[in-house]
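Chain identifiers are assigned alphabetically (A, B, ...) following the order of the sequence lines, protein sequences preceding nucleic acid strands; residue numbering begins at 1 within each chain. Excluded from the calculations below are hydrogen atoms, water molecules and symmetry mates; all remaining heavy atoms, backbone and side chain alike, are included. Because the structure is predicted, anything quoted here is derived from the model rather than measured.
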Amino acid sequence: MADNLSLRQVVEAYMARVPAGAVTTYGDLAALAGQPTAARLVGGIAHTGNEQLPWHRLVNSRGKLAAGYPGGRRTQQQLLEKEGVSCTDFLVDDFDLRRWRPR
DNA sequence: CTCGTGACGGCGA
DNA sequence: ATCGCCGCCACGA
């Protein structure tokens with residue numbers, strides 16, 4: 001499905017669906033979009049796409065916060081903790097449990 | 001039209 | 001454990 005849409009469109013759609021208090025990875029979104037190897041795309045989308053998207057809920061495959069976020073990972077961690085996601089040194093606690101999954 | 005780059009991921013040395 | 005390379009798709013110049 002959504003074969004008509006570009007990966008970008010699909011990824012944005014999934015990103016928008018990630019609920020507060022949960023996190024997802026670039027690779028997961030890419031995989032959901034059908035391109036598990038296009039994790040880079042997700043990264044690019046996160047920063048070039050809609051600012052209202054919950055980009056702060058995106059972490060790398062290890063549950064660590066984004067590497068090159070222009071405001072500093074500190075900001076992202078603040079946002080996550082504010083949503084109930086506790087982090088320790090830029091690492092999401094219980095990452096596996098908080099990993100969001102579509103249904 | 002072509003070229004380069006990127007909020008990443010996984011594997012090899 | 002660390003470091004480096006390639007691959008992937010989309011978009012800007």
Checklist entry - So, A:D89 side chain and A:L91 main chain: donor-acceptor pair closer than 3.5 Å or not? => result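 No, because the side chain of A:D89 does not come within donor-acceptor range (under 3.5 Å) of the backbone of A:L91.
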Item to check | A:Q76 side chain vs A:L58 backbone, donor-acceptor pair below 3.5 Å | outcome: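 Pair found, side chain donor or acceptor close to backbone of A:L58.
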Is [X] touching bases, backbone alone, or none of the nucleic acid, heavy atoms closer than 4.0 Å?
X	value
A:A46	base
A:L41	base
A:R40	base

Next on the checklist: Against A:W55, only a single residue in A:I45, A:V42, A:L79 fulfils side-chain contact (heavy atoms from CB on, under 4.5 Å); can you say which?
Outcome noted: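 When A:I45, A:V42, A:L79 are each tested with A:W55, the side-chain contact (heavy atoms from CB on, under 4.5 Å) holds only for A:L79.
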Next on the checklist: With rounding to the nearest 0.5 angstrom, report the CZ to CD distance, A:R98 to A:E83.
Outcome noted: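 Reported value, rounded in 0.5 Å steps: 10.5 Å.
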Using whole Å, what does the distance between atom [atom2] of nucleotide [N] and atom [atom1] of [X] come to?
X	N	atom1	atom2	answer
A:M15	B:dC8	CE	P	12 Å
A:H47	B:dT5	NE2	P	14 Å
A:Y26	B:dG9	OH	C1'	12 Å
A:N50	C:dC11	CG	C1'	16 Å
A:L80	B:dA7	CG	C1'	13 Å
A:D28	B:dA7	CG	P	20 Å
A:Q35	C:dA10	CD	P	8 Å
A:R62	B:dC11	CZ	C1'	13 Å

Checklist entry - Reckon A:T37 has a side-chain N or O less than 4.0 Å from the OP1 or OP2 of C:dG7? => result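 Looking at the OP1 and OP2 atoms of C:dG7, neither is under 4.0 Å from any side-chain N or O of A:T37.
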Checklist entry - C:dC3 pairs with which nucleotide, Watson-Crick or G-U wobble, both distances below 3.5 Å? => result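 Paired with B:dG12.
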